[in-house]
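Sequential numbering from 1 along the given sequence is applied to the chain's residues.
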Amino acid sequence: MGEKKADPMDVEAVLDGLNRALVLQRRSVLQFTTAAGSMFGLEVQGLTDRLWTFAVAELEDARRLVEKISALGGEPSPAVAASSWTSDPQATLEHLIATEDEVLAALHDIIPDTGQEPRSEALEHLLEHLIMRKQNQVDWLRRAARRP
């Protein structure tokens with residue numbers, strides 16, 4: 001029986017990807033926090049509580065990314081991607097959807113570099129978990145953004 005060689009993780013590429021995702025993830029924390037606290041009008045007050053819940057989840061995910069970068073011997077980037085704000089709730093939801101799609105793509109882009117070794121599988125599952133949670137959140141935002 002031949003031994004199957006593991007496809008090693010490209011640690012440098014993974015660290016670059018994780019740091020790119022972290023920079024975007026920090027923006028997510030700020031944007032959801034700002035949106036949750038700044039929307040006015042009776043029609044959006046139910047939305048703001050959900051946005052705050054998303055902000056907390058985004059912060060937890062940012063911590064997970066920092067932990068993984070550190071565990072792989074990297075240095076977490078302190079940078080934050082540029083964000084914006086508008087007082088228009090509909091425009092805010094559309095902006096959140098667009099920027100969260102960007103983070104989803106950045107997280108997904110890391111997976112091919114994780115390789116096929118035990119720590120690779122753990123990292124891939126972490127990324128998939130982050131992607132799944134965030135995609136569910138974006139799906140909710142898309143439903144909320146639809147106008148009757």
Side-chain angles (χ1 to χ4, degrees), residues 1-39 44 46-145:
M1 290 185 161
E3 285 188 36
K4 191 175 185 180
K5 288 192 175 189
D7 180 21
M9 179 187 299
D10 183 343
V11 176
E12 186 176 323
V14 166
L15 286 171
D16 287 346
L18 288 171
N19 265 311
R20 180 175 183 279
L22 177 60
V23 168
L24 298 172
Q25 187 64 32
R26 285 198 174 108
R27 176 184 64 192
S28 295
V29 173
L30 295 175
Q31 288 187 154
F32 278 104
T33 301
T34 302
S38 66
M39 286 187 174
V44 296
L47 177 66
T48 60
D49 283 344
R50 191 67 177 264
L51 293 176
W52 174 244
T53 299
F54 292 162
V56 171
E58 296 296 342
L59 184 58
E60 291 171 348
D61 287 354
R63 179 187 53 85
R64 286 181 183 96
L65 291 172
V66 168
E67 288 173 347
K68 186 50 72 176
I69 291 166
S70 298
L72 292 172
E75 296 180 8
S77 171
V80 180
S83 63
S84 63
W85 178 84
T86 176
S87 62
D88 178 348
Q90 185 69 29
T92 295
L93 290 177
E94 295 297 337
H95 180 71
L96 287 170
I97 291 165
T99 57
E100 290 308 291
D101 280 343
E102 184 181 1
V103 186
L104 282 163
L107 291 167
H108 187 258
D109 286 348
I110 300 165
I111 292 173
D113 295 319
T114 61
Q116 293 295 315
E117 53 186 87
R119 68 183 181 156
S120 302
E121 291 298 313
L123 175 55
E124 185 175 341
H125 287 300
L126 171 65
L127 292 168
E128 289 169 345
H129 173 78
L130 298 176
I131 290 167
M132 181 183 68
R133 188 205 62 74
K134 189 177 286 284
Q135 185 62 59
N136 286 336
Q137 179 175 287
V138 170
D139 291 345
W140 188 92
L141 290 169
R142 282 193 169 94
R143 289 191 311 274

- Query: For the side chain of Glu58 and the backbone of Gln25, is there at least one donor-acceptor N/O pair under 3.5 Å apart?
  - Reply: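 Pair absent, no side-chain N/O of Glu58 close to backbone of Gln25.
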Just wondering, do [Y] and [X] contact through their side chains at under 4.5 Å, heavy atoms?
X     : Y     : result
Leu30 : Arg26 : no
Leu51 : Thr92 : no
Thr53 : Asp49 : no

Testing the basics here: between [X] and [Y], what is the closest heavy-atom pair and its distance to 0.1 Å?
X      : Y      : value
Leu104 : Ile131 : CD2-O, 3.5 Å
Ala144 : Leu47  : CB-CD1, 4.3 Å
Pro8   : Glu117 : CA-OE1, 3.0 Å

Supply the atom-to-atom distance [X] [atom1] to [Y] [atom2], rounded to the nearest 0.5 angstrom.
X      : Y      : atom1 : atom2 : answer
Ile97  : Gln137 : CD1   : CD    : 10.5 Å
Met39  : Thr34  : CE    : OG1   : 10.5 Å
Met9   : Ser120 : CE    : OG    : 4.0 Å
Glu121 : Thr114 : CD    : OG1   : 7.0 Å

- Does anything in residues 100-133 pair up under ring pair (Phe, Tyr, Trp, His ring centres under 6.0 Å), and if so which pairs, sequence neighbours excluded?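 Output for this query is empty, none listed.
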- Do the side-chain N and O atoms of Thr86 and His95 include a donor-acceptor pair separated by under 3.5 angstrom?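 On atom types as modelled, these side chains do not qualify, holding no pair under 3.5 Å.
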- Item | From CA spacing to verdict: side-chain contact (heavy atoms from CB on, under 4.5 Å), Thr99, Leu24 | CA-CA 8 Å; Thr99 57; Leu24 298 172; over 6 Å; no
- Task: Any salt bridge (Lys or Arg N to Asp or Glu O under 4.0 Å) involving residues 89-111? Give me the pairs, sequence neighbours left out, ordered by first then second residue.
- Result: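 Passing the test, one end in residues 89-111: Arg27-Glu102, Glu100-Lys134, Asp101-Arg142.
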- Any salt bridge (Lys or Arg N to Asp or Glu O under 4.0 Å) pairs touching residues 10-22, not counting sequence neighbours?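 Non-adjacent pairs meeting salt bridge (Lys or Arg N to Asp or Glu O under 4.0 Å): zero.
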- Item | Partner set under side-chain contact (heavy atoms from CB on, under 4.5 Å) for Trp52, not counting sequence neighbours |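 So Trp52 forms a side-chain contact (heavy atoms from CB on, under 4.5 Å) with Thr33, Ala36, Ala55, Val56.
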- ring pair (Phe, Tyr, Trp, His ring centres under 6.0 Å) with Phe54: which residues, sequence neighbours excluded?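 Applying ring pair (Phe, Tyr, Trp, His ring centres under 6.0 Å) to Phe54 gives Phe32, Trp140.
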Table please: side-chain donor-acceptor pairs of residues 63-77 below 3.5 Å, with sequence neighbours left out.
residue	atom	partner	partner atom	Å
Arg63	NH1	Glu67	OE1	3.2
Arg63	NH1	Glu67	OE2	2.7
Arg64	NH1	Asp61	OD1	3.1
Ser70	OG	Val66	O	3.0
Ser77	OG	Ala79	N	3.1

- Message: Ile110 and side-chain contact (heavy atoms from CB on, under 4.5 Å): which single residue from Leu126, Leu130, Leu18 fits?
- Response: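 By the side-chain contact (heavy atoms from CB on, under 4.5 Å) criterion, Ile110 pairs with just one of Leu126, Leu130, Leu18: Leu18.
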